[in-house]
**Student:** 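Here it is, the structure in full.
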2 protein chains.
Amino acid sequence: MATENRRIIVASIPKGELKESHFELQSAPVPQANEGEVLVKTLYMSLDAANRAWMQGPSYRDAVVSGDVMPTFAIGRVVQSNDVSVSAGSVVEVEGVWADYFVADANALKIVPDVQPLSHRLSVRGIAGKTAYFGLLNVGRPEAGETIVVSAAAGSVGSLVGQIGKIKGCRVVGIAGGAEKCAWLVDELGFDAAVDYKSGNLFKELKDACPDGVDIYFDNVGGKMLETVLFQMNLKGRIVCCGAISQYDTENPMGPRNLPGLVVVKRLRMEGFIAMDYPEYEAQADSDLTAWAADGKLIVIEDIVDGLENAPKALIGLLNGENRGKRMVCVAPD
Amino acid sequence: MATENRRIIVASIPKGELKESHFELQSAPVPQANEGEVLVKTLYMSLDAANRAWMQGPSYRDAVVSGDVMPTFAIGRVVQSNDVSVSAGSVVEVEGVWADYFVADANALKIVPDVQPLSHRLSVRGIAGKTAYFGLLNVGRPEAGETIVVSAAAGSVGSLVGQIGKIKGCRVVGIAGGAEKCAWLVDELGFDAAVDYKSGNLFKELKDACPDGVDIYFDNVGGKMLETVLFQMNLKGRIVCCGAISQYDTENPMGPRNLPGLVVVKRLRMEGFIAMDYPEYEAQADSDLTAWAADGKLIVIEDIVDGLENAPKALIGLLNGENRGKRMVCVAPD
């Protein structure tokens with residue numbers, strides 16, 4: 001068994017843009033699992049805009065502070081267990097850290113079937129899938145014929161939101177960066193239209209793409225894009241507040257103009273959520289998502305970066321929108 | 001019967017602060033009711049922050065434009081009817097205008113019992129009562145023990161929201177302008193605490209008044225006050241977006257800082273509504289409100305200004321927060 005454990009710590013908390021220099025790769029001994037704990041070998045680490053949000057302060061979890069090994073949602077294999085409830089060799093989902101190995105409490109992990117591809121546990125059957133599913137269906141509550149707009153549409157969540165919207169009979173319009181991504185959303189993923197926010201004319205292009213207005217805006221971005229969509233929302237529209245990527249690099253950013261005025265006059269609902277908010281619907285969600293993926297209604301897009309050492313760069317790239325579909329790091333081939 | 005009809009037109013649409021000079025009192029003949037219409041004598045006219053919002057552009061109703069007789073929700077008595085469904089002498093609730101007399105479509109009015117005081121139809125049994133009731137109960141969905149904060153707490157809606165919150169077993173904190181109003185909220189209306197936004201230290205005083213954070217913010221104001229309360233919201237908190245008085249005098253005002261970031265990380269729900277959104281619950285609302293008022297659980301505060309000619313000044317005063325409870329204009333003693 002290995003004795004060296006590479007790990008990546010947060011060397012300092014960014015005040016503005018996140019850079020590779022905010023991280024530091026260190027070598028340490030493989031940690032020891034005590035009674036009730038297991039030692040996990042990291043296979044895949046999820047990369048999410050949420051990683052960046054954790055550095056901004058406490059949220060649904062404690063803030064990440066300088067000196068912490070960067071936390072991550074991970075898929076790993078148990079290499080040593082000091083708890084009767086977990087066998088060595090099990091595949092687990094767990095909050096780990098950016099490291100080859102980490103110790104986890106046996107009560108704080110979930111044993112999952114050892115079914116390939118394990119990467120699906122981080123995409124369609126993982127947080128991305130549940131975020132798209134619960135956000136669109138439980139928060140947004142679409143009805144057939146409604147118009148859904150989703151930002152960061154080529155991303156892990158957005159690419160699923162649009163496809164689930166089509167399954168539910170809605171008109172789906174994606175917002176993404178660049179003509180190539182937009183064409184891909186329409187041609188490969190079946191979106192009805194896609195609008196390039198880099199074109200400089202988002203308001204008009206969105207209006208052309210949504211002739212009946214917007215009933216649901218699945219917002220991964222916040223900021224100016226939210227402001228633009230707000231003006232095109234229909235009465236009783238819903239804004240699914242999933243993320244605010246555009247704001248993570250800014251301290252105390254101003255909110256979109258005309259809030260809450262437009263919420264009042266259009267009787268909008270803006271609602272935040274996380275994928276863990278609907279435990280009673282988890283089984284249904286996993287069943288639906290797995291079935292849709294199996295019969296090709298849902299195309300699962302994964303963007304796998306190899307090597308622990310590439311995690312900082314891959315996260316920064318994700319925040320800059322360079323990924324297509326679910327980005328993750330493969331730390332060790334299984 | 002009178003032949004002169006005084007009416008108040010909107011002479012120009014305000015770009016900033018609303019002033020009396022934006023209105024003009026005119027004399028005109030009493031209008032003629034055609035087939036299917038009735039002539040109504042105005043008794044009481046409701047004054048609402050919404051009157052100002054209508055001048056800002058189309059909302060759930062058409063915008064008010066320059067030259068319009070100012071629209072208003074009114075209680076009146078039918079003096080002449082050209083429709084079999086309405087008898088002369090009936091008391092009606094109807095959208096009228098700032099005038100001694102106006103013509104209404106017989107299909108667009110509601111005949112109400114001729115029960116004194118008719119002013120209650122504009123306060124506890126009117127839009128103010130339903131706005132408070134539906135906003136707090138159907139949108140905010142309070143649970144006993146939660147903390148509710150309401151702004152414009154001494155106003156028509158706010159004074160009812162706080163009292164309904166107490167009936168539902170919540171801790172209720174009002175925000176109002178001036179120490180005297182604040183004392184009145186606690187001493188006369190039974191609020192647990194009240195905070196003077198003019199004190200210059202709203203954040204700290206609100207924090208002291210809400211040691212367990214804020215579960216529901218009933219927002220009549222928007223702007224900086226919303227920004228301040230947002231930071232004190234608890235996870236899964238709800239912001240009932242009822243009005244944005246602070247923004248009506250501003251074109252394209254900036255939104256509160258950290259929106260939608262705080263909505264995401266705290267999984268908040270911000271939701272707009274109007275009193276007409278819950279027709280299926282209207283009977284229950286009226287029954288509850290009437291019973292609470294009758295047995296003294298709900299103190300009904302009315303602020304009645306006499307004289308049609310005083311409507312502009314009374315509306316401006318309302319927007320400046322000078323009223324206590326429901327402000328209305330008595331146009332004619334019944």
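Because only heavy atoms are used, hydrogens play no part in the values below, and waters and symmetry mates are left out as well, while side chains stay in. Proteins get letters first, then strands, A, B, ... in listed order; numbering begins at 1 in each. Just so it is clear, the structure is predicted and the values come from calculations on it, not from any experiment.
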**Student:** Restricting to non-hydrogen atoms, name the atom on B:Pro260 and the atom on A:Cys241 that form the minimum distance, rounded to 0.1 Å.
**Tutor:** CB-SG, 4.2 Å

**Student:** Quickly, which of B:Arg238, B:Met270, B:Arg269 forms a side chain to side chain contact (heavy atoms under 4.5 Å, CB included) with A:Glu271? Name it, please.
**Tutor:** B:Arg269

**Student:** When you look at CG of A:Asn201, are more than 12 heavy atoms from neighbouring residues, nucleotides or ligands closer to it than 6.0 Å?
**Tutor:**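 Correct, the count exceeds 12.
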
**Student:** Would you say that more than 12 heavy atoms from the other residues, nucleotides or ligands in this model lie under 6.0 Å from the NZ of B:Lys19, or not?
**Tutor:**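 Result for NZ/B:Lys19: open.
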
**Student:** Do B:Val264 and A:Cys242 come close enough that some side-chain heavy atom pair is under 4.5 Å?
**Tutor:**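 With C-beta onward as the side chain, the pair stays apart.
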
**Student:** For B:Lys236, is the NZ atom crowded, meaning more than 12 foreign heavy atoms sit under 6.0 Å from it?
**Tutor:**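 Atom NZ in B:Lys236 is packed in, count exceeds 12.
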
**Student:** More than 12 non-hydrogen atoms from neighbouring residues, nucleotides or ligands closer than 6.0 Å to CZ on A:Phe231, yes or no?
**Tutor:**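 Yes - once you tally the heavy atoms of other residues, nucleotides and ligands closer than 6.0 Å, there are more than 12.
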
**Student:** For B:Leu226, is it the side chain, the backbone, both or neither that has a heavy atom under 4.5 Å from a heavy atom of chain A?
**Tutor:** side chain

**Student:** Using a cut-off of under 4.5 Å for heavy-atom pairs, which of A:Ile239, A:Asp277, A:Asp219, A:Leu235 has the most such pairs with chain B?
**Tutor:** A:Asp277

**Student:** How about A:Tyr281: does its OH atom have over 12 heavy atoms from other parts shown lying under 6.0 Å from it?
**Tutor:** no

